[in-house]
Protein chains: 2
Amino acid sequence: MDDLEKYIEKRKGKSKKFAKSFEKGYESFKIGILLRQAREEVGVTQKELAEKLSTKKSAISRIENHAEDIRLSTLKSYLEALGKKLQINIQ
Amino acid sequence: MDDLEKYIEKRKGKSKKFAKSFEKGYESFKIGILLRQAREEVGVTQKELAEKLSTKKSAISRIENHAEDIRLSTLKSYLEALGKKLQINIQ
DNA sequence: ACTTTGGTTCACAAATAGGTTAACTTCGGC
DNA sequence: GCCGAAGTTAACCTATTTGTGAACCAAAGT
């Protein structure tokens, strides 16, 4: 069980809604979880991040919880606003 | 000069339109170029790939040439249709 | 010269992501 | 208990991506 999965279990315990919708589609949630992890690691709130991205905290929450898909540019800027870099490679 | 840049120079030589629009935004083109490279490496035509993805060759061409942004799911399925895997990590 | 194959580009329609506001919940500190 | 801070969700709207069909170009073969 890797870090991501541990993290997921923790969130399932905290939020019933999360647990329920999670079962519907593991894949779509992965990226949101990764992003939340990245944000919490840096120790920034959704509101602070939203301001850096000139958007609203609700949009951040949606990305981390609900979003079924995300644009590459959104992913990139989210991470860059956290001082991180997105690395993509093909195997 | 890495492989990607070599590849870009080659394409610039072949297509004036590509060269011109390329200058407008390097970033947006990178992903299309990577995808084309991946496809050519496997030796599959745009039409063949399009059929695997239940879409049309024009959509594939657009992604490789024009697309300013792309959904993560699109990126993923494009690569999976080529038998490749998308790997994302955060630095 | 004609045809076929691979690719490009455009225009329009359909689907979906992201911006925004507002109401709601949870949690910690007072 | 009350309050503020952090987060969640829903609804609406706009912007953008993707699907699709058609016209076009270039190269290669016949």
Side-chain angles (χ1 to χ4, degrees), chain A residues 7 10-22 24-25 27-29 31-33 35-82, chain B residues 7 10-22 24-25 27-29 31-33 35-82:
Chain A
Y7 192 92
K10 219 171 75 187
R11 288 216 73 221
K12 276 188 188 169
K14 282 193 192 162
S15 160
K16 269 192 192 124
K17 261 186 200 161
F18 176 83
K20 209 175 120 198
S21 31
F22 184 82
K24 286 199 241 158
E27 283 307 317
S28 42
F29 279 92
I31 188 69
I33 292 163
L35 290 178
R36 178 188 298 265
Q37 259 187 318
R39 180 177 57 81
E40 291 184 346
E41 203 181 294
V42 175
V44 96
T45 67
Q46 288 183 345
K47 184 158 177 281
E48 286 164 346
L49 179 56
E51 275 157 15
K52 282 196 192 178
L53 292 168
S54 313
T55 181
K56 302 293 181 294
K57 62 182 177 151
S58 57
I60 304 296
S61 178
R62 182 175 46 202
I63 287 174
E64 295 181 357
N65 290 288
H66 285 315
E68 298 189 4
D69 209 345
I70 188 173
R71 286 183 211 154
L72 205 51
S73 62
T74 308
L75 188 53
K76 218 163 146 187
S77 47
Y78 183 112
L79 288 171
E80 279 169 6
L82 292 174
Chain B
Y7 193 91
K10 218 171 76 185
R11 287 218 73 221
K12 276 187 188 171
K14 281 191 192 165
S15 160
K16 270 191 191 123
K17 261 186 199 160
F18 175 84
K20 209 174 121 197
S21 32
F22 184 84
K24 285 199 244 161
E27 284 308 317
S28 44
F29 279 91
I31 189 68
I33 292 163
L35 290 178
R36 178 189 297 264
Q37 257 187 319
R39 180 178 58 81
E40 290 184 346
E41 202 181 295
V42 176
V44 100
T45 68
Q46 290 183 343
K47 185 158 176 281
E48 286 164 346
L49 180 56
E51 275 157 14
K52 282 196 192 179
L53 292 168
S54 312
T55 181
K56 302 293 181 292
K57 63 180 179 154
S58 56
I60 304 296
S61 178
R62 182 174 45 202
I63 287 175
E64 295 181 357
N65 290 288
H66 286 315
E68 298 188 3
D69 207 346
I70 187 174
R71 288 185 208 151
L72 203 51
S73 63
T74 308
L75 186 53
K76 217 164 148 189
S77 49
Y78 183 113
L79 289 170
E80 280 169 7
L82 291 174

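Residue numbers begin at 1 in each chain, while the letters A, B, ... track the order of the sequences. No hydrogens, no waters, no symmetry mates; every other heavy atom, side chains included, goes into these values. From a predicted model like this one, the values you see are computed outputs, not experimental measurements.
- For the pair E48(B) and K52(B), the salt-bridge criterion is not met [side-chain N within less than 4.0 Å of a carboxylate O].
- For E64(A) and dG7(D), the CD to C1' distance is 9 Å, given to the nearest whole Å.
- Residue side chain K47(B) does not reach the base of dG6(C) through any donor-acceptor N/O pair under 3.5 Å, judged by distance alone.
- Looking at heavy-atom distances under 4.0 Å, I70(B) makes contact with sugar-phosphate atoms alone, never a base.
- Expressed to the nearest 0.5 Å, how far NZ of K76(A) lies from CZ of R71(A) amounts to 14.0 Å.
- The nearest whole Å value for the distance from the NZ atom in K56(B) to the P atom in dT8(C) is 18 Å.
- The phosphate of dG18(C) has OP1 or OP2 within less than 4.0 Å of a side-chain N or O from T74(A).
- Atom CG in N65(A) sits roughly 5 Å away from atom P in dT9(D) (whole-Å rounding).
- Close to dG7(C), at under 4.0 Å from its OP1 or OP2, lies a side-chain N or O of R39(B).
- Protein atom CD1 of I31(B) is 20 Å distant from nucleotide atom P of dT16(D), rounded to whole Å.
- Interatomic distance, E80(A) CD to L75(A) CG, rounded to the nearest 0.5 Å: 10.0 Å.
- Interface remark: the K57(B) side chain does form a donor-acceptor pair with the dG7(C) base, using a distance-only criterion of under 3.5 Å.
- Interface remark: the S58(A) side chain does not form any donor-acceptor pair with the dG7(D) base, using a distance-only criterion of under 3.5 Å.
- Between the C1' atom of dA17(C) and the CG atom of L53(A) lies a distance of 15 Å, rounded to the nearest Å.
- A donor and an acceptor atom never sit less than 3.5 Å apart when one is taken from the side chain of R36(A) and the other from the base of dG7(D).
- Rounded to whole angstrom, the span from the CD atom of Q46(B) across to the P atom of dT9(C) amounts to 10 Å.
- Of the side-chain N and O atoms in H66(B), none sit less than 4.0 angstrom from OP1 or OP2 of dT8(C).
- Taking atom CD1 of I60(B) as the reference point, atom C1' of dT5(C) lies 17 Å away to the nearest angstrom.
- At whole-Å resolution of the value, CD in E51(A) and C1' in dT20(C) are 15 Å apart.
- Comparing T45(B) and I63(A) by the nucleotide of DNA chain C that holds the closest heavy atom to each, the one mapping nearer the 5' end is T45(B).
- Looking at L35(B) and L79(B), their side chains come closer than 4.5 Å, going by heavy atoms from C-beta outward.
- The nearest heavy atom of DNA chain C to V44(B) and to R71(A) marks one nucleotide each, and the one closer to the 5' end goes with V44(B).
- Residue contacts shown for T55(B) are limited to sugar-phosphate atoms, with no base heavy atom under 4.0 Å away.
- For the OP1/OP2 pair of dT8(D) and a distance below 4.0 Å, the side-chain nitrogens and oxygens of S61(A) include at least one atom meeting the criterion.
- D69(B) places a side-chain N or O within 3.5 Å of a backbone atom of S73(A) that can act as its donor or acceptor partner.
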